[in-house]
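Notes to accompany the following structure.
Side-chain atoms are counted along with the backbone in the values below, which use heavy atoms only and exclude waters and symmetry mates.
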Amino acid sequence: QSVAYTDSGINFQGIFETTHGIQYGFVFPPTTATGATAQEFIGEIIVPVVNQWVGLAFGGQMADNLLMVAWPNANNIVFSPRYATGYIQPTPYAGPTVTTLESSVNSTYWKWIFRCQNCTTWDGGSMDTNGGPVFAWVIGLSPVFTPSSPASDFNEHDDFGFWGEITADAHDPNYASYLNIGSSTTTSKSSTTTSKSSTTTSKSSTTTTTTTTTTTSSTKTTTSTTSTTTTPLTSPTPYDYIIIGGGPGGLVSADRLSAAGKKVLLVERGGPSTGETGGTDVPPWANGTSLTRFDIPGEFQAMFSGNTYWFCKDVNSFAGCLVGGGSSINGGLYWYPTDADYSAANGWPTSWTNNFNTYTALLKNRLPSTDNPSPDGIRYLEQTYPVMQSILNPMGYQAGTINNNPNFKDHVYGYSAYNFQEGKRWGPVATYFRTAKTRPNFSYAYWTYATSIARNGSLITGVQTNNTALGPNGFIPLTPKGRVILSAGSFGSPRILFQSGIGPLDQIQLVAANPTAAPFLPPQSQWLTTLPVGYNVQDNPSINLMFTHPSIDAYDNWAPILDDPRPADAAQYLKSQTGVFAGSSPKVNFWQALGGPDGKTRYMQGTVRPGFDSVTTAYPYNASQVFSITVYLSTGVTSRGRIGISSSQLGASILTNPWFTDPNDKATLVNGLQQIINSAKNVPQLTLITPDNTTTLQDYVDNYPPTSLNSNHWVGANSIGKVVDSNLLVNGTSNLFIVDASVIPSLATGNPQGLVMAVAEQGIANILALAGGP
Ligand code: HEM
């Protein structure tokens, strides 16, 4: 539903559509208006340039109602009222008088504020101007056929959606004054007719269109709801380094490369996250602040329901498509890497095992962890801690501040450590990205989807994207010695490599069979098919145990945290960024080394949260007293799977599940789970509800849904030593590097974001030291 907001001095009712980053807004004359005045309104759209054209359907559907389309052409906005009798090319529609009140086009956004007269009724229909009618939007990612012509045809939209436009709240007493904004405007009126008889072809041949429309650009410069670039991007600017992906790897890279004086561009396929990045997704209870759901650590559990636009839509696993990547939507757990994480046994070359402490120290310096995230120093919602003490102490565990001694990961527990500061999600966004953005030699662009890397044999020449503001047809060139840093994540980086002719033949053939992607592949003689891109992937297999204990506050299972949080907690957070909302749901973590039946040591990690995901139990239980232990298997896991692309959409997906392909992994995890369950039996008033006592642990694990084993901690798809060399250079290329979780050859002891950033620190140092670069 629409909400009130202000832009260009106008009070609008509208929505910020977060998948494409577009603002839509409307304002109507006072309800007392009569005659023609009652049949008009002012609308606005603010559109990231990736979107070539935008359409509005004022009757909420495509057929038989008033449509409006608009697109930028040079510095103008071209627009045209349309009408369609079905799912066919809509034709220009006479009747409305449309006037541009303000417009602007820059390298990142185009914006259009327009007056639409005679727009509330149309052939066969009308809108409710004092209610909550359904409006619809559509966007097109390919350019219209004749951009200078308002009568231009275009391809079908690439996406559409609906919202409730609360016209009842959209009437403004100042409406008349809004008509005077902007200066040099030209009125345009489409003098066209439409035919409702042509339903068979997509181009109506019975219509004569004589359009007298021209468009206008105002002298005003606009401020848009989100800002994207620090430096205006002129097309096509070549860059020393183009970084693909704004997750932890990409943001560390951006900072270190720009600090070294290189000309750096970072492209992120999603949009902003926290307030400082331009994010505006503020929970209703924090209205009026710039605290988005991504800033507020306590909103973590709300990431998995509703319109989860931040997850990459073409990846069949949870992947963060927004700035900060996974670090902007995860629980924030943050562990400094251990010696074992970087060991030769884990697949690291000696140049890395010998030096990693230097780089981990850089990371700690930029982003220290905390296990007490509320700035008032008080721990909140920590009832699970004493319960876990009662379970773990008898097992020989010791309590500690986990990150004070990262290597001590056997029989240890402590408060969960986070990458939060000042009561907010911090991570790479509030550190590395923040400083990169201050540098004039650093640029970044949101909503920019990299499809492939252009190369001539081993030499990379640039990056192919969907963002035509960065270069003709979205192609962004490198400077003569320039380099590309692929930081698109464990799923995105393999997908881009396949689309660039790098990886197993079966995957490249899928690309070759795709009519859109195939033209961007290099000739077959240049395919690098020996690199095992997508193989060797690991993810922690994890199993949930659910308990009840009378001391626990399950926090209403986190259900109301977005729309209706506990008032005192919300008020406290708004006042001082302290309290429950300054932390996320994990409260206690523990580790134990376990010997497997094959004689190998594997580590078990536990993460304890009040509340639960799903409970399967034959017995009644008190939902307000539930807590869950997620038990993962980490360092030492031997199972591996495969990531690839799905044939139709080229989205990245799991081809072979990486969990429990080695039965020794399962046996080891069952052993660890059994030890916890055995000890828990001795804790007074503690009840195991899942698995309940009609289910054996073995059955519970055997029947666990495979996708529920997913921890979203994927590593290994571009393992160092296999796909990339010890400088993270893709084997067989001279200037393509990978800096993200996919180069990590084996699972880390804890949640991996700390390791990813430490790897980026070391990797970028190697890359900068490597001869032949810009
Ligand atoms: C070449 C031009 C176009 C073609 C071929 C086309 C075709 C289609 C098709 C096939 C659908 C059904 C999609 C589905 O259900 O998955 C659809 C839906 C839709 N279209 Fe279009 N469209 C075109 C242009 C437009 C324009 C310009 C607008 C608005 C300005 C628009 C508004 C909508 C809306 C709101 C829907 C969803 C609601 C509904 O099904 O009516 N379309 N379109």
Side-chain angles (χ1 to χ4, degrees), residues 8 20 22-26 41-58 62 66-84 89-119 137-158 160 181-194 202-204 207-222 224 235 466-469 472-473:
S8 292
H20 305 281
I22 302 176
Q23 180 71 52
Y24 300 92
F26 296 90
F41 54 82
I42 295 170
E44 91 159 349
I45 51 176
I46 306 173
V47 188
V49 291
V50 158
N51 304 286
Q52 299 285 346
W53 62 272
V54 163
L56 291 159
F58 299 116
M62 180 168 167
L66 176 60
L67 310 174
M68 180 72 68
V69 289
W71 56 84
N73 179 48
N75 290 322
N76 298 326
I77 304 299
V78 181
F79 54 88
S80 170
R82 300 281 175 120
Y83 199 96
Q89 181 78 63
T91 49
Y93 179 65
T97 302
V98 183
T99 317
T100 294
L101 300 179
E102 181 184 315
S103 74
S104 63
V105 181
N106 65 28
S107 58
T108 51
Y109 282 90
W110 51 281
K111 170 172 172 175
W112 184 45
I113 301 182
F114 61 99
R115 179 185 189 185
C116 205
Q117 291 170 275
N118 193 20
C119 287
W137 56 264
V138 304
I139 60 105
L141 296 174
S142 57
V144 304
F145 301 159
T146 317
S148 59
S149 164
S152 175
D153 283 347
F154 36 77
N155 286 327
E156 186 181 340
H157 31 82
D158 294 283
F160 61 82
I181 67 154
S183 39
S184 58
T185 59
T186 321
T187 303
S188 65
K189 185 166 175 157
S190 284
S191 60
T192 59
T193 52
T194 184
S202 64
K203 288 183 195 173
S204 163
T207 306
T208 8
T209 55
T210 48
T211 307
T212 58
T213 304
T214 51
T215 58
T216 170
S217 74
S218 85
T219 50
K220 270 188 164 178
T221 47
T222 67
S224 46
S235 42
N466 65 347
N467 190 339
T468 51
N473 300 317

Task: Residue pair W71, V47: steps toward the side chain to side chain contact (heavy atoms under 4.5 Å, CB included) verdict - done: CA-CA 9 Å; W71 56 84; V47 188; over 6 Å; no

Task: Those residues that, when tested against T146, pass side chain to side chain contact (heavy atoms under 4.5 Å, CB included) (two or more places apart) - done: S148, S149, S152

Open item on the list: Under a 3.5 Å distance rule, please check whether N73 uses its side chain to pair with a backbone N or O of V78 as donor and acceptor.
Closed with: no

TODO: Kindly indicate whether the side chain of Q117, heavy atoms from C-beta on, has any atom under 4.5 Å from the side chain of P96.
DONE: no

TODO: Check side chain to side chain donor-acceptor pair (under 3.5 Å) between H20 and all other residues, then give those that pass, not counting sequence neighbours.
DONE: D159

TODO: List the atom of N155, the atom of W53, and the distance in Å for their closest heavy-atom pair.
DONE: O-CZ2, 3.3 Å

Open item on the list: Suppose we call two aromatic rings close when their centres sit under 6.0 Å apart. Are W112 and F79 close by that rule?
Closed with: yes

TODO: Determine the minimum heavy-atom distance between D158 and S142, stating which atoms define it.
DONE: OD2-N, 3.9 Å

- [ ] Quick one: closest heavy-atom pair of M68 and V98, and the distance?
- [x] CE-CG2, 3.7 Å

Task: Within-4.5 Å side-chain heavy-atom neighbours: R82 and Q89 - done: yes

Task: Partners passing ring-ring contact (aromatic ring centres under 6.0 Å, His included) against F41 (at least two apart in sequence or in another chain) - done: F26, F28, F58

TODO: With sequence neighbours excluded, tell me which residues meet side chain to side chain contact (heavy atoms under 4.5 Å, CB included) with N473.
DONE: none

Task: Side-chain (N118) to main-chain (T97) donor-acceptor, under 3.5 angstrom - done: no

TODO: Return the minimal non-hydrogen interatomic distance between P90 and F154, and the atom names on each side.
DONE: CD-CE1, 4.1 Å

Task: With sequence neighbours excluded, residues passing side chain to side chain contact (heavy atoms under 4.5 Å, CB included) with P72 - done: I77, V105, W110

Task: With P143 via side chain to side chain contact (heavy atoms under 4.5 Å, CB included) - residues at least two apart - done: Q52

